[in-house]
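Beneath this line is the structure, given in structure tokens, with notes to follow.
Not measured: the values here are computed from a predicted model.
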Amino acid sequence: MTASTNPLVAFGAGKVILLGEHSVVYGYPALAGPLSFGVTARGVPARSCQLDVPVTADAAQKRLMRKAFTRAARLVGEPKVKVTLEPQLPLSAGLGSSAALAVALSRVLLQAAGQVPTPKATAQLAWEMEQEFHGTPSGVDHTTSAEEKLILYRRVQGPSGVVGRAREVKSPRALSVVVALAGARSPTKVTVGALRERQARWPERYRRLFAQVGRLVTEASKAVEAGDLEGLGDAMNVNQGLLGALGLSSPALEDMVYRLRGMGALGAKFTGAGGDGGAVIGLFLEPGPVVAKLTRDGVRCFASQLAGPRPHGDRS
């Protein structure tokens, strides 16, 4: 560590995709926002650059974490720091846990190397780690976490290849979601791989569906900027229907979607890869009572504000 022997602390936010998962991989936009829950990384001086992997991770996850950490550490000169992790997010639920981890680690590594962890620098280093975790990620997860803003994200062809472009989407109203877990999720690679096979077999059909999702994302971002949360919710509902048409939903996810709608959600859909289970989000004007009711019923859930005015001094 440079300049100081004080412990370094950094946070990486989880994320939800309000609209546009999967189609974002094919060049269409996605609307995503940061959660108040994520991963905290702490660094202390050490004889070498090392990662203390959480005991809750399984053997495969530990190997991936160490491999991703080593890749990022080498890029910043392997500063002499030992980093520990405090994850708040469930793994493999569609909430960007790997991106949150990558962003938190990147911020500590940059600080330990004497560099400023700007959103751009953090995102570039986290991207290296995300490639270890996912191979060819869309980039929306770590970008949302690094920016810590509601963003409209799109992959575009740049001079040196495909790059991600993001702009902040501001809301004049508080935009809050309830995140509820609906069972165990299939591995992302399995769900994405099956969709890729169907898309390759019937390209025109799936291109139409992806294009429709892209149009919904554009409409939804305009609704957010206009303070039209009802319009945003309707777009989320339609997006859920298209995700089902793409073969990405399941009975467990659909049950939770309709449960949240029955509790007054303006819109509800799953977020992330989909499959057998995972996270479902509901857009609520007053999320507190919903979280209380679901919690009493034994559902793992929480609320998070993604954008808009916050009470004075509240960054949660």
Side-chain angles (χ1 to χ4, degrees), residues 15-33 94-96 98-99 127 130-131 133-144 150-167 169 185-225 228 231-251 253-254 257 267-281 283:
K15 71 89 188 65
V16 290
I17 297 179
L18 284 172
L19 297 97
E21 48 268 276
H22 290 285
S23 58
V24 68
V25 177
Y26 297 92
Y28 295 96
L31 184 63
L95 300 176
S98 69
W127 170 245
E130 277 285 84
Q131 290 179 80
F133 289 128
H134 299 297
T136 55
S138 69
V140 65
D141 287 18
H142 81 280
T143 303
T144 305
L150 182 67
I151 61 170
L152 186 65
Y153 178 90
R154 189 166 192 164
R155 300 176 75 194
V156 297
Q157 185 67 42
S160 57
V162 177
V163 295
R165 295 280 186 259
R167 74 167 179 85
V169 178
R185 194 184 69 164
S186 308
T188 299
K189 290 182 179 179
V190 174
T191 306
V192 171
L195 175 60
R196 186 177 293 114
E197 290 179 5
R198 294 192 295 273
Q199 187 269 340
R201 186 175 182 182
W202 298 290
E204 289 300 321
R205 179 179 304 159
Y206 281 79
R207 192 173 296 118
R208 290 195 300 270
L209 289 171
F210 291 143
Q212 182 57 48
V213 172
R215 285 193 287 270
L216 276 174
V217 173
T218 300
E219 293 170 3
S221 64
K222 292 179 180 177
V224 171
E225 292 172 328
D228 181 10
L232 170 62
D234 188 70
M236 290 170 62
N237 287 336
V238 176
N239 192 176
Q240 174 65 22
L242 291 171
L243 289 169
L246 289 166
L248 298 166
S249 194
S250 67
L253 293 173
E254 293 292 334
V257 164
K269 59 182 283 293
F270 76 72
T271 185
D276 295 336
V280 174
I281 54 174
L283 179 64

Do the non-hydrogen side-chain atoms of [X] and [Y] ever get within less than 4.5 Å of each other?
X: K222; Y: E219; answer: no
X: V25; Y: L195; answer: no
X: L19; Y: V213; answer: no
X: L243; Y: E21; answer: yes
X: Y153; Y: V24; answer: yes
X: V16; Y: L95; answer: yes
X: D234; Y: V238; answer: yes

Do the side chain of [X] and the main chain of [Y] share a donor and acceptor less than 3.5 angstrom apart?
X: H22; Y: A273; result: yes
X: N237; Y: K269; result: no
X: S23; Y: G20; result: yes

- Task: Assess whether side-chain contact (heavy atoms from CB on, under 4.5 Å) is satisfied between L18 and L150, documenting all intermediate values.
- Result: CA-CA 10 Å; L18 284 172; L150 182 67; 3.9 Å; yes
So which heavy atom on [X] is nearest to which on [Y], and how close?
X: S250; Y: G277; value: OG-N, 4.2 Å
X: P29; Y: L152; value: CB-CD1, 4.1 Å
X: T144; Y: G33; value: CG2-C, 3.4 Å
X: S221; Y: T218; value: OG-O, 2.8 Å
X: I17; Y: A30; value: CG2-CB, 4.5 Å
X: G27; Y: R154; value: O-NE, 2.7 Å

How many angstroms lie between atom [atom1] of [X] and atom [atom2] of [Y], to the nearest 0.5 angstrom?
X: L253; Y: L248; atom1: CG; atom2: CG; answer: 10.0 Å
X: T271; Y: Q240; atom1: OG1; atom2: CD; answer: 10.5 Å
X: N239; Y: L246; atom1: CG; atom2: CG; answer: 9.0 Å

- Q199 and R196 side chains, donor-acceptor separation under 3.5 Å: no
- E204 and R207: salt bridge (charged side-chain N to carboxylate O under 4.0 Å, His left out), yes or no, with the steps? CA-CA 5 Å; E204 289 300 321; R207 192 173 296 118; 2.5 Å; yes
- Task: Give the C-alpha distance, both sets of side-chain angles, the deciding distance and a yes or no for side-chain contact (heavy atoms from CB on, under 4.5 Å) between I281 and M236.
- Result: CA-CA 9 Å; I281 54 174; M236 290 170 62; 4.0 Å; yes
- Task: Describe, in one word, how the ring planes of F210 and Y28 are oriented to each other, choosing from parallel (under 30°), tilted (30 to 60°) and perpendicular (over 60°).
- Result: tilted
